[in-house]
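Here is the structure we will look at.
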Protein chains: 2
Amino acid sequence: MEYMNTASTSAPPASEPAPAQEPRWLTDDQQRVWRTYLDAVTLLEDHLDRQLQRDAGMPHIYYGLLVKLAESPRRRLRMTELAMHAKITRSRLSHAIARLEKNGWVRREDCPDDKRGQFAVLTDAGLAVLKETAPGHVEAVRQAMFDRLTGEQQKALGEIMRIVAEGLQPTEAGADLPWLR
Amino acid sequence: MEYMNTASTSAPPASEPAPAQEPRWLTDDQQRVWRTYLDAVTLLEDHLDRQLQRDAGMPHIYYGLLVKLAESPRRRLRMTELAMHAKITRSRLSHAIARLEKNGWVRREDCPDDKRGQFAVLTDAGLAVLKETAPGHVEAVRQAMFDRLTGEQQKALGEIMRIVAEGLQPTEAGADLPWLR
DNA sequence: GAGCTCTCCTTGAATTTTTAACTACTCCGA
DNA sequence: TCGGAGTAGTTAAAAATTCAAGGAGAGCTC
């Protein structure tokens, strides 16, 4: 029995009517790759979450939000834009910004052009936290990943992840939204 | 300013009192790889979580717990062992198993050898859910990742992730616990 | 300019995860 | 066999995330 894969189990027939007849399992190698991927990703995210929670008082994703704001024109971004950049839902972002606002690291501002709109703006305090904690965070990322990989591997990883991300971009099937790359 | 990296920014001075001496930023290439990695991982986890929530009524990690139990000797594993396999804390596992127990997919059993111990046991209902939903899940994984990568890339990914996971294994510095590989 | 639809963002509740104890038991040594 | 230290697992509370609505403005059509 294999709930994740294993190519083994017989049958090669090709035509199919309904959704999932005779599933195409993963090969043993692919299964191993997949599990290793899950392990690595889980361990890494966990590691960085703890590192940032300890050193910056916020989870990894919140840190990422501050980084995106810091790199934006007037240290601000529309909520929807920020949500898309960060690959999270608007709901999640609303809650996150509310929390960061309580910390005094972000502030909301109304959008003059669109009364529905809101800008999330990085405050000076927010920028300060970033400056203080960025070195430690980069070091953690480096130690966990880049210091362990060859240049070739880093390049390959980038290409692989680009492909995976591209396939999942909510924009799907190259619809509109040209500004999403 | 770079809160994530960028090797560029000048200044080579070397002496400093506090913890992080002139941080070693990431190169532009590394930064790009890192961000692409984060995007891909976020999108993929999100995608699989929704897929499983929809088709199996549970988040990805819970599904993973059922898979591990299904592959274990008597469809059972000690709580601590399961937690280690799944790379999650015991606390998180306790909550997760409580939930799966409510669904009737897992049941707890006392360990006869150690009165502190508990086994998480996959029930027939749990096994049934797995059998029903595995094909759809594997298909999702395949479509999102394996169908898009060459054999070479799959192999490279496995190796890269193995290295990363190895570096973060809580066992750290090859301490004891030889059974953790 | 009324009505419809869509977009922007928020909100409350439910679910999940984290954090920090805490209970019960095992192990080990004096 | 007493006592201290460590292990297995749970739990309550806080924090974060998901889910399902909902309010309000923008935009379009007729």
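What you see is a predicted model, and the numbers here were worked out from it, not measured in a lab. Per chain, numbering begins at 1; letters A, B, ... match sequence-line order.
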*Take A:Met58 and B:Arg50, find for each the nucleotide of DNA chain D with the closest heavy atom, and name the residue whose nucleotide sits nearer the 5' end.*
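The 5'-side residue here is A:Met58.
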
*Contact nearer the 5' end of DNA chain D, comparing B:Asp114 with A:Gln53*: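 The residue closer to the strand's 5' end, by nearest nucleotide, is B:Asp114.
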
Roughly how many Å is it from [atom1] in [X] to [atom2] in [N], rounded to a whole number?
{"X": "B:Ile61", "N": "D:dT18", "atom1": "CD1", "atom2": "C1'", "result": "16 Å"}
{"X": "B:Glu109", "N": "D:dA8", "atom1": "CD", "atom2": "C1'", "result": "17 Å"}
{"X": "B:Glu45", "N": "D:dT17", "atom1": "CD", "atom2": "C1'", "result": "13 Å"}
{"X": "A:Asp49", "N": "D:dT17", "atom1": "CG", "atom2": "P", "result": "8 Å"}
{"X": "A:Gln51", "N": "C:dT18", "atom1": "CD", "atom2": "C1'", "result": "17 Å"}
{"X": "B:Arg78", "N": "D:dT7", "atom1": "CZ", "atom2": "C1'", "result": "10 Å"}
{"X": "B:Leu100", "N": "C:dT15", "atom1": "CG", "atom2": "C1'", "result": "13 Å"}
{"X": "A:Leu82", "N": "C:dT10", "atom1": "CG", "atom2": "C1'", "result": "15 Å"}

*Scan side-chain atoms only and decide if B:Gln153 and A:Glu159 contain a donor-acceptor pair under the 3.5 Å cut-off.*
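No, no side-chain donor-acceptor pair sits under 3.5 Å.
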
_Taking the nucleotide of DNA chain C with the nearest heavy atom to each, does A:Gln118 or B:Asp113 sit closer to the 5' end?_
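Here A:Gln118 is the residue nearer the 5' end.
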
*What is the nucleic acid contact for A:Phe119, judged by heavy atoms within less than 4.0 Å: base, sugar-phosphate only, or nothing?*
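Counting heavy atoms under 4.0 Å across all strands, no contact is made by A:Phe119.
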
*Classify the nucleic acid contact of A:Ile88 as base, sugar-phosphate or nothing, counting any heavy atom under 4.0 Å across all strands shown.*
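Touches nothing.
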
Under the 3.5 angstrom rule, does the side chain of [X] hit a backbone N or O of [Y] as a donor-acceptor pair?
{"X": "B:Asp49", "Y": "B:His60", "value": "yes"}
{"X": "B:Thr123", "Y": "B:Arg107", "value": "no"}
{"X": "A:Arg148", "Y": "A:Gln143", "value": "yes"}

*Counting only side-chain N and O atoms of B:Arg108, is one of them less than 4.0 Å from OP1 or OP2 of D:dT10?*
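Yes, within the criterion.
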
*Examine D:dT17: is either OP1 or OP2 under 4.0 Å from a nitrogen or oxygen in the side chain of A:Arg99? Give yes or no.*
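False: A:Arg99 side-chain N/O out of range (4.0 Å or more) of D:dT17 OP1/OP2.
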
*Quick one: do B:Glu152 and B:Lys155 satisfy salt bridge (charged side-chain N to carboxylate O under 4.0 Å, His left out)? Show the steps, please.*
CA-CA 5 Å; B:Glu152 273 307 303; B:Lys155 192 179 159 193; 5.1 Å; no

*Rounded to the nearest 0.5 Å, how far apart are CD of A:Glu71 and NE2 of A:His85?*
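Spacing of CD (A:Glu71) from NE2 (A:His85) equals 9.5 Å.
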
*When rounded to the nearest 0.5 angstrom, what is the spacing between OG in A:Ser94 and CD in A:Glu101?*
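Here the interatomic distance stands at 10.5 Å.
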
*Closest to the B:Met79 side chain: D:dG9, C:dT26, C:dT16?*
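Within the option list, the nearest is D:dG9.
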
*Among the nucleotides C:dT10, D:dA26, D:dT18, which one has an atom lying closest to any side-chain atom of A:Lys115?*
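For A:Lys115, the side-chain atoms sit closest to D:dA26.
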
*asked:* Taking donor-acceptor contacts at under 3.5 Å, does the side chain of A:Arg116 reach the base of C:dT7?
replied: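 By the distance-only test, yes, there is a pair.
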
*Please answer: with hydrophobic residues joined when any side-chain heavy atoms are less than 4.5 Å apart, are A:Val41 and A:Leu48 in the same cluster?*
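Yes; tracing contacts between hydrophobic side chains, which count when under 4.5 Å, links both residues.
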
*Among residues 90-98 of chain B, which contact DNA chain D at a heavy-atom distance under 4.0 Å?*
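Going residue by residue through residues 90-98 of chain B, the ones with a heavy atom under 4.0 Å of DNA chain D turn out to be B:Arg90, B:Ser91, B:Ser94, B:His95.
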
